[in-house]
Amino acid sequence: MTIAYASPNRSHHFRYAEGLEAEGLLKWFVQGYPRFRRAPLAVDSRRVMHRDFLQTLFVPAFRVLNEHPFTERLNLASKNSIDRGLCRAMKEAQVGLFYNGCGLHSLRHWSGSGKVFVCEAVNCHLDAQSEWLREECQLLGLPFREPYEPEREKRLAEYAEADYILCPSQFVARSFVSKGIAAERLLVNPFGIAPAPALLRPGSGKGSDDSFTVLYVGSINYRKGLRYLIEAFDRLRVPGKLLRIVGPRLEPDGISDLHLPDGVRFDGVLRGEALTQAYLQADVFVQPSIEEGLSLVIGEAMGHGLPVIATNHTGVDELFADGECGFHVPIRDSQSLLDRLTRIAENDSLRQQFAEAGLAKSRKFSGWAASQHSLCALLQKLQPSLS
């Protein structure tokens with residue numbers, strides 16, 4: 001089997017391309033990541049097709065203009081350029097794996113040829129995402145920018161016409177089923193999560209004080225549901241409480257109208273040892289997102305010996321069952337967050353039980369090597385459908 005893989009950015013895509021290369025499956029990697037950034041990529045350069053000119057223009061434009069009509073058109077033009085590259089690459093490949101938005105021209109051009117096309121969806125079905133986020137904006141009185149219609153039409157057409165859709169979690173797969181996509185067309189391959197450091201112990205970075213530290217790591221944006229965590233924290237009645245918010249602020253942040261209680265601290269972006277210490281010095285990690293395909297920070301928190309409270313819209317069920325290493329809660333439910341925070345704060349043995357269970361489970365994570373291998377195995381199972 002030979003595979004052509006198309007993606008607009010680095011993210012996990014470089015990892016997937018490297019996995020396909022290592023197992024001798026990769027024929028072409030059509031990618032839009034800017035060449036001048038010189039990111040390491042363990043793929044034979046003769047199999048890399050650069051379609052990065054428009055993507056190189058799009059990235060800085062988006063940083064300045066955000067969701068502006070110009071950047072939306074530029075983003076789609078970049079994906080269309082990658083799509084044309086994939087179409088060319090498919091002359092020598094049997095399977096086309098492409099990031100959603102980068103494959104419609106290719107799969108239509110090669111329709112009836114016996115080639116198989118797999119659309120990669122990193123997040124939930126676009127219309128499901130839009131429904132949740134539109135509703136969130138209505139609740140908060142924020143303007144909601146509808147998806148750029150030409151791109152939406154292309155992405156929905158790819159859902160309908162691709163042979164398969166690759167999802168990072170069962171949560172994402174369920175969103176496609178809810179929109180009428182047949183379950184047998186869905187392939188689930190979770191992202192790689194690194195195993196915990198071998199010598200780490202739960203609470204190894206904490207002092208001996210009586211504080212209770214809640215940690216959030218991620219962008220500060222309405223999509224992340226952070227306001228519901230802040231509301232729960234405001235009503236939390238435990239001594240020495242502290243909520244550390246780690247990450248960049250992205251407008252609309254969804255919290256500008258909130259009165260911030262004492263004990264809320266914004267730490268900005270932390271990396272390396274500073275981020276490690278933030279995990280080690282916390283008592284519990286909370287991921288309150290409205291929608292995430294698979295939240296990798298949950299695995300990071302488990303690997304640092306933290307109990308986790310996460311909404312059931314984060315792919316958390318790929319990582320642990322409710323009540324095993326922490327709790328699952330519904331989205332937009334500050335009362336459920338408060339209840340679970342209180343239980344952990346008031347029951348040190350439960351906190352320790354969750355921390356140890358999460359740490360033990362995270363030590364069994366196999367990282368990206370396992371994710372790469374399972375991706376290759378999934379795609380190789382498609383072999384019988386090839387002509």
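Here the structure is a predicted model, which means the values were calculated and not measured.
Legend: ring-ring contact (aromatic ring centres under 6.0 Å, His included) pairs involving residues 52-97, not counting sequence neighbours, sorted by first then second residue: Phe58-Phe62. Residue pairs that meet the ring-ring contact (aromatic ring centres under 6.0 Å, His included) test with at least one member in residues 217-263, sequence neighbours left out, do not exist here. Under the ring-ring contact (aromatic ring centres under 6.0 Å, His included) criterion, the residue pairs touching residues 78-102 are His13-Tyr99, with sequence neighbours excluded.
Annotation: the span from Leu215 atom CG to Asp283 atom CG amounts to 10.0 Å, rounded to 0.5 Å. With values rounded to the nearest 0.5 angstrom, Asp348 atom CG is found 9.5 Å from Leu350 atom CG. Remark: Arg35 CZ to His50 NE2 distance equals 5.0 Å, nearest 0.5 Å. Rounding to the nearest 0.5 Å gives a distance of 8.5 Å between CZ of Arg37 and CZ of Arg10. Distance check: Asn9 CG to Phe14 CZ gives 8.5 Å after rounding to the nearest 0.5 Å. With rounding to the nearest 0.5 Å, the separation of CG in Asn189 from CG in Leu375 is 5.0 Å.
In this structure, the side chains of Ile255 and Ile230 come closer than 4.5 Å at one or more pairs of heavy atoms. Taking 4.5 Å as the limit, some side-chain heavy atom of Tyr159 sits within range of a side-chain heavy atom of Asn100. Taking the side chain as every heavy atom from C-beta outward, Pro190 and Pro168 never approach each other to under 4.5 Å. Contact annotation: the side chain of Tyr33 never approaches that of Asp52 to less than 4.5 Å [non-hydrogen atoms, C-beta and beyond]. Leu166 has its side chain within reach of Tyr16: a pair of non-hydrogen atoms, C-beta onward, lies under 4.5 Å apart. Annotation: side chain of Lys224 is in contact with side chain of Tyr216 (closest heavy-atom distance under 4.5 Å). The shortest distance between side-chain heavy atoms of Gln380 and Leu25 falls below 4.5 Å. The shortest distance between side-chain heavy atoms of Asn221 and Asp253 does not fall below 4.5 Å.
Side-chain atoms of Ser336 do not come within 3.5 Å of backbone N or O of Asp333 as any donor-acceptor pair. Checking side-chain atoms of Glu318 against main-chain N and O of Gln170 turns up a donor-acceptor pair under 3.5 Å. With hydrogens and angles ignored, the 3.5 Å screen pairs a side-chain donor or acceptor of Ser169 with a backbone N or O of Gly293. Within the 3.5 Å criterion, the main-chain N or O of Phe320 finds a donor-acceptor partner in the side chain of His328. Side chain of Gln129 to main chain of Cys124: a donor-acceptor pair is present (N/O by atom type, distance under 3.5 Å, no hydrogens or angles). No side-chain donor-acceptor contact under 3.5 Å links Tyr5 to the backbone of Leu86. In this structure, the side chain of Thr314 does not engage the main chain of Ala310 through any donor-acceptor pair within 3.5 Å. Not a single donor-acceptor pair under 3.5 Å links the side chain of Trp368 to the backbone N or O of Arg15. Without hydrogens or angle criteria, Glu158 side chain to Arg155 main chain gives no donor-acceptor distance under 3.5 Å. In this structure a side-chain-to-backbone donor-acceptor pair under 3.5 Å is present from Glu18 to Ala42.
In plain terms, the two heavy atoms of Val217 and Val297 that are nearest each other are O-CG2, 3.9 Å. Annotation for Thr56 and Pro34: closest pair OG1-CB, 3.5 Å, computed over non-hydrogen atoms. The nearest pair of heavy atoms linking Gly101 to Lys154 is O-NZ, 2.9 Å. Between Met1 and Leu379, the closest heavy-atom pair is CE-O, 3.0 Å. For Leu186 against Ala173, the heavy-atom pair with the smallest separation is CD1-O, 3.4 Å. Nearest approach of Ile309 to Val329, heavy atoms of both residues: CG2-CG1, 4.0 Å.
Considering only residues two or more places apart in sequence or on other chains, Glu346 meets the side-chain contact (heavy atoms from CB on, under 4.5 Å) condition with Thr342. With sequence neighbours left out, the side-chain hydrogen bond (donor to acceptor under 3.5 Å, both in side chains) criterion links Asp234 to no other residue. In this view, His12 and Glu120 satisfy the side-chain hydrogen bond (donor to acceptor under 3.5 Å, both in side chains) rule, not counting sequence neighbours. In this view, Arg152 and Asp127, Glu149 satisfy the side-chain hydrogen bond (donor to acceptor under 3.5 Å, both in side chains) rule, not counting sequence neighbours. With sequence neighbours excluded, no residue forms a salt bridge (charged side-chain N to carboxylate O under 4.0 Å, His left out) with Asp163. Residues forming a side-chain hydrogen bond (donor to acceptor under 3.5 Å, both in side chains) with Glu251 (at least two apart in sequence, or on another chain): none.
In the hydrophobic clustering, Phe36 connects to no other residue, as no ILVMFWY side-chain heavy atoms lie under 4.5 Å from its own. Cluster partners of Tyr148 are Leu76, counting Ile, Leu, Val, Met, Phe, Trp and Tyr whose side-chain heavy atoms approach within less than 4.5 Å, directly or via other members. In this structure, Leu250 stands alone, with no Ile, Leu, Val, Met, Phe, Trp or Tyr side-chain heavy atom under 4.5 Å from its own, directly or through other members.
When hydrophobic clusters are built by joining Ile, Leu, Val, Met, Phe, Trp and Tyr residues whose side-chain heavy atoms come closer than 4.5 Å, directly or via intermediates, Leu270 is grouped together with Ile298. Under the 4.5 Å side-chain contact rule for hydrophobic residues, Ile193 and Leu306 share a cluster.
Look at Lys79 and Glu151 and you find a salt bridge, because one of the NZ, NE, NH1 or NH2 atoms lies within 4.0 Å of a carboxylate O, short of that distance. Note on Asp262 versus Lys241: no salt bridge recorded, every NZ/NE/NH1/NH2 to OD/OE distance being 4.0 Å or above. Using a cut-off of 4.0 Å between Lys/Arg side-chain N and Asp/Glu carboxylate O, Glu136 and Arg332 are scored as salt-bridged. Electrostatic pairing of Glu72 and Arg145 counts as a salt bridge here, judged by a charged N lying under 4.0 Å from a carboxylate O. Ion pairing of Arg88 with Asp83 is absent here, as no side-chain N (NZ or NE/NH1/NH2) approaches a carboxylate O to less than 4.0 Å. A salt bridge does not link Glu231 to Arg235: none of the charged nitrogens lies less than 4.0 Å from a carboxylate oxygen.
Aromatic ring orientation, His304 versus Tyr279: parallel (interplanar angle below 30°, classes split at 30° and 60°). The aromatic rings of Phe354 and Phe327 stand perpendicular to each other, their planes meeting at an angle above 60°, with 30° marking the opposite boundary. Using cut-offs of 30° and 60° for the angle between ring planes, the Phe171 and Trp132 rings count as parallel.
A donor-acceptor pair shorter than 3.5 Å cannot be found between the side chains of His313 and Glu292. Looking only at atom types and distance, the side chain of Glu273 has no donor-acceptor partner in the side chain of Thr276 under 3.5 Å away. Remark: the Gln287 side chain and the Ser295 side chain contain an N/O donor-acceptor pair separated by less than 3.5 Å.
The number of heavy atoms from other shown groups lying within 6.0 Å of NE2 (His373) does not exceed 12.
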side-chain contact (heavy atoms from CB on, under 4.5 Å) between Cys119 and Tyr164, worked out: CA-CA 6 Å; Cys119 173; Tyr164 299 95; over 6 Å; no
